Amino acid sequence: MEKRFDPASYEDKWQKRWSEEGFFVAEAPSSRPSFCIMIPPPNVTGNLHAGPALQTTIQDLLTRWKRMSGYNALWLPGTDHAGIATQLMVERQLIEEGTDRQSLGREGFLERAWEWTDQHSGNIRVQLDQLGASCDWTRERFTLEEGLSKAVRSAFVRLYREGLISRGEYMVNWSPGLETAISDLEVDMRPVEGKLYHIAYPVEGSDERIVVATTRPETMLGDTAIAMHPEDDRYAHLRDAVAILPLVGRQVAFVADDVVEREFGTGLVKVTPAHDLTDFELGRRHGLESIQVIDRKGRMTPEAGEQFAGLDRFEAREKVVQMLQEQGYLLKVEDYAHNVGHCQRSGVPIEPMISTQWFMDVEGMAGQALQAVASGDLRLIPDSWNKTWDHWLENIRPWCISRQLWWGHQIPAWYTNSGEVFVAASREEAAELAGTDEITQDPDVLDTWFSSALWPFSTLGWPEETEDFKTFYPTDVLVTGFDIIFFWVARMVMTGMHFTGKTPFHAVHLTGLVRDADGQKMSKTRGNTVDPLELVEEYGADAVRFTLAILDSPGRDIPLDPDRMAGYRSFGNKIWNAVRFSLSRVGSATVQESLDVTELAAPERWILSRLSKTAAEVNERFAEYRFDEACQRLYHFFWGELCDWYIELSKPALAGESPRPQVGEVLLTVLDRSLRLLHPVMPFLTEELWQRLPGREAIHPATICLAPYPVGEEAWRDPVTEERMDVFFQIVAWARNLRAELGIPPRDKATLYISSESSELAAFLGRLEAMALPLLRLDAVHFEAAPDGAHSDVVAGVAVGLVVPERELSLEDRERLMAEREKLRAQHQRTLGLLENKAFLAKAPEKVVDQNRRRLEEILERLEILEAGLAADEPGSS
RNA sequence: GGGAGGUUAGCUCAGUGGAAGAGCACCUGCCUUACACGCAGGGGGUCGUGGGUUCAAAUCCCUCACCUCCCA
């Protein structure tokens, strides 16, 4: 074996073999319990970024763990057609070619979009493979494929017939950048340093001029009223008056409505029903006319007046302001910071606009989703999201599901020449309903998230009652970023419960955001994005996975630090070398399925006990989605216990210097189980090494992927041995520390004295003599009181002494000892104070009191020895 | 304006009532034939502020400060 591990030399090989052998193909039906995760489908033409790499790791970890634990585990992969994102990419390509989608026409454009999709669709799989994802690719899905499109049409028709989807004219968030309506969620509120314009409107038939304040003066061209608060006495006299719109000359009435804030500006506001949501609703209440002065591209319409028509809305603003100024209507301009809705995708300010769109009434479904979390049927992890969940669902508004795009599921609604609408799963059905063939399909497509909302069941064949659906629905857990909790998670829960009566999963593990090493959000503009595949190339997939998993603490973002990753790459190397060492020393020993611990010596019993404890804890932690803690325990066990202690202790036995029974078998058996424990996090390395363990083929399947996940052997647990070994370790650490502090060169030998009042413990330590010698470079260990002149102390209740080559205590040594004395004296004071405190003695549990009594005894003993040592070595005393 | 989270060693973070932890970084010694992506040892923290509950608080409660994010 190579001295250093080289992930690149085996990762591809194993991914290929796993896939060829079909290890990840799930059964339906199955006699085994099912476990299912649906991948959050990445954009079909996209790349896997850091966030999805984290989620991929967690999903794979869970799937592999469950698969090894005997479940019929399915991790279903797939991609999303990503309506707007993909359409934009294709359009950009067209522009580069000097054409555009309009000139290509719908059919031609879709052809190009499919071409683009087909070209890129394999990309995601390549990336998932490189991360070691154990997806069942025989079940791969795409949101725009025929099967899922059928589910989309079916869901749409059903909701329409239930009255939950309808078409109507309403105020929507219009993106002039994309020239489509978008949903509330696709609008970002951004702070803008704007202006507040105070404009005078003359009152007809009087000299009075009233004043309104607005941040959008260009919309005054579409004003159809002035509003005041009904109880605002200042303007009561204007109730029946009429104002004259400057520049336009139109008469506008005054209306009273309690949405008007008396404190804002002058307490009078202009009303533009066609371009503001509040004004729109106000207009409906008061039967006001709507005048659309801004068009789909954000330009002024002819309705805005001759001199404005065709101007961009922001140019129009300047011109309106300038003209108001010239004509003496502009009274004041103030700086005004406020939040303005922007199109998330194109970045341009949203234009509220009245438009005919399809809406989904989600209020009832939201109630079900609220109930699901409240009742515990659905767990959000971490549960700090519960409040956010509730708040959003309680205030939910109808979902605008139509988009003026071409790439997506075309709305299954057809219109007759007279404008009558027929919603049906197919054109034929619609024609039948309409009683005519002269029908035209609605040109709009559905919001991408509409098909995503059906993902957990549409991928399993819904609306058909397929074997897959029966076997895997509802799924178990969803792993995704919190940023799409409403876009996606809530909507899946709503539609899932509506259509299937069940929550589509029982738990949602919401991961934090992956940030760069400095904690900065990754973004293209910052240029600090990290390509997970570059990391895989540099550190190996297992190290990337381990890093992501161990950093995934609930509710916390993940800073991706290359140093950290290098550290876990070293862990891989450590594992490699532990196996390399073992294979070279175990002779003909083989991996055992079980071991009888009663015949084993203390180090063997100890490591098996620790292994069992670790296995039990790791299973527990996984079950609670605490991958960070599980990984920490694995790391600590393998490196801190197996490598640092057990392998070191096994060396004399394996070198034949001091034979102990079954050391090779124990070592191999521990490695077998350790590798299996680590496999869900580090699949490649563990498979590569596990395949080399002699004897594993006799008791296990051909791949570690399907080998049983260790749960911890009760019979191997041995707390007494653990406790005693711990005393031994403490003594070794003490002696090592002393050697280092005294500067005893490694080549110089020393003699250790150990004397314990407990005869069992003394006997136990006595049996470890052979192992202590090389660990500490000792000549001998004597089980008796240390002679005068030895460096003595008390460690874990055991009197110990070390005799080292003649050497005078230096000034530094004395200082160190004196500092130690100060520390002990302080501890003495504190512990004594505690034990003299009557309240403590009366109220603290017996266990804690005892603990402190023992502590005090040991402190006193150590102080005595230390004082003696200092006195004996007093300069000039000898 | 409402809500969530954070404030613990130089950095990034674990740690929900009984003597402050990890990884990395740093310092000192070691190439001890598994591993220098290593071994051994070490330094370093009034656990944001102020109060309260308790025999005992990083941990529970309240105040304030600062940081991040979400919603309006």
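Below, chains carry the letters A, B, ... as their sequence lines are ordered, and counting in each starts from 1. All of these numbers come straight from a predicted model, not from anything done at the bench.
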Check the phosphate of [N] against [X], side-chain N and O only, distance under 4.0 Å to OP1 or OP2. Yes or no?
X: A:Arg585; N: B:A34; result: yes
X: A:Asn737; N: B:G42; result: yes
X: A:Arg556; N: B:U7; result: yes
X: A:Arg626; N: B:G15; result: yes
X: A:Thr388; N: B:C71; result: no

Any residue of residues 846-859 of chain A with a heavy atom less than 4.0 Å from an atom of RNA chain B: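 Under 4.0 Å from RNA chain B: A:Val848, A:Gln851, A:Arg855.
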Given [options], which nucleotide is nearest the side-chain atoms of [X]?
X: A:Trp639; options: B:C35, B:G3, B:G38; answer: B:G38
X: A:Arg569; options: B:G41, B:C37, B:A34; answer: B:C37
X: A:Ser553; options: B:C35, B:C13, B:C55; answer: B:C13
X: A:Asp563; options: B:A36, B:C24, B:A14; answer: B:C24
X: A:Arg777; options: B:G18, B:U32, B:A34; answer: B:U32
X: A:Phe5; options: B:G15, B:A34, B:C37; answer: B:C37
X: A:Pro559; options: B:G15, B:U12, B:C37; answer: B:U12
X: A:Asn837; options: B:C24, B:C37, B:C55; answer: B:C55

Watson-Crick or G-U pairs under 3.5 Å in RNA chain B, rendered as dot-bracket with [ ] for crossing pairs and | for another strand: ((((((((.[[[[.)..(..]]]].(((((.......))))).....[.[[[..)....]]].]))))))).
Under the salt bridge (charged side-chain N to carboxylate O under 4.0 Å, His left out) test, residues paired with A:Arg491 that sit two or more places apart: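 Partners of A:Arg491 under the salt bridge (charged side-chain N to carboxylate O under 4.0 Å, His left out) test: none.
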A:Trp639, A:Phe729, A:Phe638 screened by ring pair (Phe, Tyr, Trp, His ring centres under 6.0 Å) with A:Trp645, the one that passes: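 Option passing the ring pair (Phe, Tyr, Trp, His ring centres under 6.0 Å) with A:Trp645: A:Phe729.
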Side chain A:Asn395, main chain A:His391, donor-acceptor under 3.5 Å: yes
Atom-pair distance (CD on A:Glu648; C1' on B:G41), nearest Å: 15 Å
Polar pair under 3.5 Å, donor/acceptor by atom type, side chain A:Lys3, base B:C35: no
Pair A:Tyr568 + A:Tyr635: ring centers closer than 6.0 Å: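 So the answer is yes for these two rings.
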A:Arg854 bridged to A:Glu857 by N-O distance under 4.0 Å: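 No.
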